[in-house]
Amino acid sequence: MADFFHPDRLQKLEDLKASGADPYPAQAAFAPIDGVTATSGPKRELAAALLAQAEERQGETVLIYGRVLGRRGYGKLAFLDVCDQSGRIQACMQKDLVLPAEFEHLKQLNLGDIIAVEGELSKTKVGEPTVFGTRFRILTKALENPPEKFHGLADAELRARRRYVDLFANQEVRDSFFKRSAIIQAMREVFLARAYTEVDTPVLHPIYGGANAKPFSTHHNALDMQLFLRIAPELYLKRLLVGGMERVFEFARVFRNEGLSMRHNPEFTMVEFYEAYSDVYGMMELTEQLVVAAARAAGCEQQDGSLKTIFRDEEFQLSPPFARVTYADVFLEHVGCAATDRVGLPAKMADHGIQVANSSEYAWWKAVNDLFEELVEPHLRGPIFVHDYPAAICPLAKPLASDPTWAGRFEFFLGGMELANAFSELNDPQLQLAKFEEQVVDKDPESPNQVDMDYVRALAYGLPPAGGCGIGVDRLIMVLLGKDTIRDVLLFPHMRPEKDFGGAAASTDEPLVKTGDPS
RNA sequence: GGGGGCAUAACUCAGUCGGUAGAGUAGUUGGCUUUUAACCAAUUUGUCCCAGGUUCAAGUCCUGGUGCCCUCACCA
């Protein structure tokens with residue numbers, strides 16, 4: 001990296017300036033010609049819209065903006081592929097149509113430059129809709145080369161690190177992220193239609209809770225206190241129910257200080273929602289609606305009206321209703337032994353190397369659940385709800401009135417992953433306090449570091465009976481869009497800092513741009 | 001953290017038995033008024049990931065490191 005910028009490009013930039021043009025104009029509109037004010041010129045159009053309306057709008061003067069990603073030049077004629085957010089449209093610059101001074105700027109044009117073209121929408125000899133430019137302007141001079149035009153950007157690391165390149169070079173990548181946005185919006189509309197309120201709760205938590213995970217830790221200088229990035233918004237959202245906000249949801253970025261994998265990123269998006277006077281079964285029905293709405297927005301709808309996605313070479317039918325099965329039933333089916341069978345289970349656990357950590361109820365049921373994860377979860381292709389979980393491993397869920405061994409909780413499985421987790425919320429302050437204390441004594445680094453007494457106090461004021469649920473938004477999008485890795489649904493997945501290139505590791509006095517090398 | 005693989009031009013990739021670096025694209029120069037990865041001609045670009053080692057000689061072999069990918073483990 002002797003020179004950061006490409007010398008050829010810098011030369012073009014100088015040439016462009018020398019011709020009197022601004023390589024980075026503040027305004028995109030064309031300057032008026034010969035003193036005629038240009039207030040009534042055409043409005044900017046998107047490529048996809050022009051292509052769709054090519055027939056009926058033939059002969060109209062149109063204005064397009066976009067990045068030049070293809071060029072087929074002739075002496076007095078050039079075809080340009082102009083790419084914008086919506087797609088690509090061809091522009092044709094003919095010397096006898098374009099202003100002479102502006103035609104000259106083609107010499108300073110490189111692939112990757114962003115341009116404006118105004119001209120007549122028509123067709124070429126082979127029938128391709130094309131804007132035949134009468135005006136042409138470079139709006140942004142690019143100093144970096146775009147990727148190879150046929151293979152594009154193939155290296156997975158570069159695609160994630162330079163997502164801005166991946167996005168402009170690949171329409172399919174853009175479409176995926178537009179769909180991500182549409183999916184989230186569709187879910188939001190389901191909530192709003194049910195009189196939910198969207199809220200924002202704190203990201204910095206003095207006590208981390210609401211899930212089991214290792215947190216990121218930080219420090220607040222003015223108060224000289226340790227803070228944690230939230231691992232879940234749960235406890236704050238339920239405080240809102242105490243406060244009388246009866247239906248709330250939050251698309252919450254949460255942070256978990258754990259490994260990276262195809263389905264794990266240290267920060268990810270959960271949508272959590274809570275509804276007073278509902279319960280886990282009400283959440284099941286709402287989760288089903290949310291998944292269906294998301295699937296429609298993702299384009300999973302088939303011609304016969306059914307919903308379907310293909311994820312990791314496996315087809316999933318998403319048309320409701322989704323299967324529902326109790327934990328006890330599905331456990332018995334795949335383990336061959338009842339989850340409550342304290343005589344028969346130890347042998348099964350031994351077969352799979354699962355040990356009971358200590359004599360507590362929690363440790364016993366944790367081991368039972370390990371067996372569940374080992375023997376049952378691989379069979380849960382989904383979409384399926386597993387409900388009524390062992391109460392001992394659900395510190396935030398309300399035990400069933402009929403049998404307190406079990407708690408009102410479901411997990412929703414799809415694509416071999418756990419996508420959602422919901423409770424009938426525990427609202428007995430004394431029982432909640434007891435369960436919190438049990439967790440803190442356990443000293444598991446993934447359990448809360450101390451009892452959140454303010455939350456217990458909130459419960460003491462009275463949390464109405466309620467259902468609550470959290471859905472892993474990124475994983476849901478993975479399944480719906482058929483993306484194998486979470487990195488493909490995150491715009492900027494977590495990466496190690498690039499060497500010598502920003503990030504904490506490179507915060508030295510060395511200048512980023514080395515302008516010359518005396519040797 | 002364990003195991004396996006990869007790292008060569010701005011991009012996509014070749015590189016034989018160890019013999020001193022290649023193609024296409026992009027860029028540059030010229031030609032061309034209907035192309036679609038346009039074409040024709042000429043042409044520029046390298047810390048072969050880094051550091052050691054073996055060797056007369058290393059992109060190639062060895063050791064260590066770094067990064068990425070896959071996989072297992074971990075991960076409500």
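Here is the naming used below: chain letters follow the sequence lines, and residue numbers restart at 1 for every chain.
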Distances under 3.5 Å only, N/O to N/O: pair up the protein atoms with those of nucleotides 40-46 of chain B.
none

Taking the six-membered ring of A:Phe492, is NZ or CZ of A:Arg163 closer than 6.0 Å to its centre and within 45° of its axis? no
Give a yes or no on whether the ring-centroid distance for A:Tyr327 and A:Phe372 is below 6.0 angstrom. yes
Which pairs, with at least one residue in residues 378-389 of chain A and sequence neighbours excluded, count as a salt bridge (Lys or Arg N to Asp or Glu O under 4.0 Å)? A:Glu314-A:Arg381
The complete set of salt bridge (Lys or Arg N to Asp or Glu O under 4.0 Å) pairs with one or both residues in residues 90-103 of chain A, sequence neighbours excluded, reads A:Glu102-A:Arg135
Can you name the side chain to side chain contact (heavy atoms under 4.5 Å, CB included) partners of A:Ala78, sequence neighbours left out? A:Leu106
P atom, B:C62 versus B:U16: distance in rounded Å? 14 Å
Under 4.0 Å, counting only non-hydrogen atoms across every strand here, what does A:Gln90 touch: a base, just sugar-phosphate, or nothing? base
Protein and nucleotides 32-34 of chain B: nitrogen or oxygen contacts under 3.5 angstrom:
{"from": "B:C32", "atom 1": "N3", "to": "A:Gly73", "atom 2": "O", "distance (Å)": "3.4"}
{"from": "B:U33", "atom 1": "OP2", "to": "A:Lys76", "atom 2": "N", "distance (Å)": "3.4"}
{"from": "B:U33", "atom 1": "O2", "to": "A:Gln94", "atom 2": "NE2", "distance (Å)": "3.4"}
{"from": "B:U33", "atom 1": "O4", "to": "A:Asp96", "atom 2": "OD2", "distance (Å)": "3.1"}
{"from": "B:U34", "atom 1": "O2", "to": "A:Lys125", "atom 2": "N", "distance (Å)": "3.2"}
{"from": "B:U34", "atom 1": "O4", "to": "A:Gln94", "atom 2": "OE1", "distance (Å)": "2.9"}

Taking any heavy-atom pair under 4.0 Å as a contact, classify A:Met262: base, sugar-phosphate, or nothing. sugar-phosphate
Toward the 5' end of RNA chain B, which comes first, A:Gly210 or A:Arg487, by nearest nucleotide? A:Arg487
I'd like to check A:Leu51 versus A:Ile89 (side-chain heavy atoms, cut-off strictly below 4.5 Å). Are they in contact? yes
A:Leu153 CG to B:C11 P, straight-line distance once rounded to whole Å: 8 Å
Determine whether the aromatic ring centres of A:Tyr236 and A:His205 lie less than 6.0 Å apart. yes
RNA chain B contacts made by residues 139-151 of chain A, counting heavy atoms under 4.0 Å: A:Asn145, A:Glu148, A:Lys149, A:Phe150, A:His151
Which heavy atom of A:Val254 sits nearest a heavy atom of A:Pro233, and at what distance? CG1-CD, 4.0 Å
